[in-house]
Amino acid sequence: MAVIPIAAGEIATIVTTLEQRVRPRPVPLPESPLRLVRWQRPDRDKYRALFRRVGAPWLWYSRLAMPDSALAELIHREQTQVHAVIDRAGIEVGLLEFTHVAPDWCALDFFGLVPELTGKGHGRWLMTIGLMMMWRPTVTFVRVNTCTLDHPRALGFYRAAGFVPVSQTIETFPDPRMLGLIDRSAAPHVPLLAAS
């Protein structure tokens with residue numbers, strides 16, 4: 001057994017890559033009062049606000065740390081679609097982002113709802129719609145990554161949706177709470193170990 005020390009101020013996570021290589025059969029769309037709105041060329045600040053709202057509990061930080069130009073390049077690509085989940089009051093409460101990397105495959109980049117909506121069936125609604133959009137006629141597989149920092153039921157959710165684990169890696173990165181990208185109170189399930 002290998003023991004790998006992690007530097008103070010850093011976080012380690014096990015990333016699981018999953019693929020769906022069988023096109024899902026059409027199913028009735030689960031009921032939800034939510035709606036999905038595509039953001040054609042998202043405003044960077046609005047995008048980051050939603051990204052933080054959905055992802056801070058799981059320490060999503062990558063898009064928060066990017067320079068404006070790099071973020072715009074990613075979210076404004078022709079092959080990338082960014083969708084906001086909107087509740088009845090018109091508030092953005094979820095994010096669906098995917099990229100058709102090549103004609104034959106699609107990457108599910110970000111998928112999530114605010115914590116108050118998890119476990120209420122809205123994720124199945126969102127996944128059903130997302131898969132319908134991701135599986136273009138030429139697509140042969142869809143890929144997604146999840147990690148041990150994610151919601152405890154995330155891996156099971158993806159598997160239930162037809163994704164199969166294909167690989168794992170260990171990633172380390174600076175704690176975004178220490179960098180000021182996410183509030184220090186976020187993700188209390190992950191110890192905050194300050195560098196000395």
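Atoms considered below: every heavy atom in the structure, side chains included; atoms not considered: hydrogens, waters and symmetry mates.
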Reported [atom1]-to-[atom2] distance for the pair [X] and [Y], which is rounded to 0.5 angstrom:
X: M134; Y: I129; atom1: CE; atom2: CD1; value: 11.0 Å
X: L74; Y: M66; atom1: CG; atom2: CE; value: 4.5 Å
X: L96; Y: F110; atom1: CG; atom2: CZ; value: 12.0 Å
X: H189; Y: L59; atom1: NE2; atom2: CG; value: 6.0 Å
X: I91; Y: L34; atom1: CD1; atom2: CG; value: 11.5 Å
X: Q40; Y: Q81; atom1: CD; atom2: CD; value: 8.0 Å

Are [Y] and [X] linked, directly or through intermediate hydrophobic residues, by side-chain heavy-atom contacts shorter than 4.5 Å (ILVMFWY only)?
X: L149; Y: I170; answer: no
X: L36; Y: L117; answer: yes
X: L179; Y: I11; answer: yes
X: V139; Y: F141; answer: no

Determine whether [X] and [Y] make a side-chain contact, defined as any pair of heavy atoms from C-beta on separated by less than 4.5 Å.
X: Y158; Y: M127; answer: yes
X: M178; Y: R184; answer: yes
X: E97; Y: L50; answer: no
X: V144; Y: F111; answer: no
X: L108; Y: Q20; answer: no
X: L126; Y: H83; answer: no
X: R21; Y: V164; answer: no
X: V93; Y: V85; answer: yes

Compare every heavy atom of [Y] with every heavy atom of [X], then report the nearest pair and how far apart it is.
X: L181; Y: Y61; answer: CD1-CD1, 4.2 Å
X: E92; Y: R53; answer: O-NH1, 2.5 Å
X: D150; Y: W58; answer: C-CE3, 3.7 Å
X: I182; Y: A186; answer: CG2-CB, 3.4 Å
X: D175; Y: P191; answer: OD2-O, 4.3 Å
X: W125; Y: P30; answer: CD1-O, 3.1 Å

What's the verdict on side chain to side chain contact (heavy atoms under 4.5 Å, CB included) for H151 and L113, showing C-alpha distance, side-chain angles and the deciding distance?
-> CA-CA 11 Å; H151 190 285; L113 297 163; over 6 Å; no
Q79 CD: over 12 foreign heavy atoms closer than 6.0 Å | yes
Counting only heavy atoms not in R77, do more than 12 sit closer than 6.0 Å to its CZ atom?
-> yes
Determine whether a donor-acceptor pair (N or O, by modelled atom type, separation under 3.5 Å) exists between the side chain of [X] and the backbone of [Y].
X: R52; Y: A49; result: no
X: S32; Y: H122; result: no
X: R44; Y: P67; result: no
X: T128; Y: L29; result: no
X: R124; Y: F157; result: no
X: R177; Y: A187; result: yes
X: H100; Y: W105; result: no

Taking the six-membered ring for Trp, is the centroid-to-centroid distance between W39 and Y47 below 6.0 Å?
-> no
Pick out which of T146, T17, L131 makes a side-chain contact (heavy atoms from CB on, under 4.5 Å) with F163.
-> L131
Partner residues of P165 under the side chain to side chain contact (heavy atoms under 4.5 Å, CB included) criterion, sequence neighbours left out = T16, L18, R159
Kindly indicate, with the supporting measurements, whether the criterion side chain to side chain contact (heavy atoms under 4.5 Å, CB included) is fulfilled by I75 and R63.
-> CA-CA 10 Å; I75 63 176; R63 300 294 172 84; 3.7 Å; yes
Output, in order, the C-alpha distance, side-chain angles, deciding distance and verdict of side chain to side chain contact (heavy atoms under 4.5 Å, CB included) for L71 and F51.
-> CA-CA 12 Å; L71 176 62; F51 186 91; over 6 Å; no
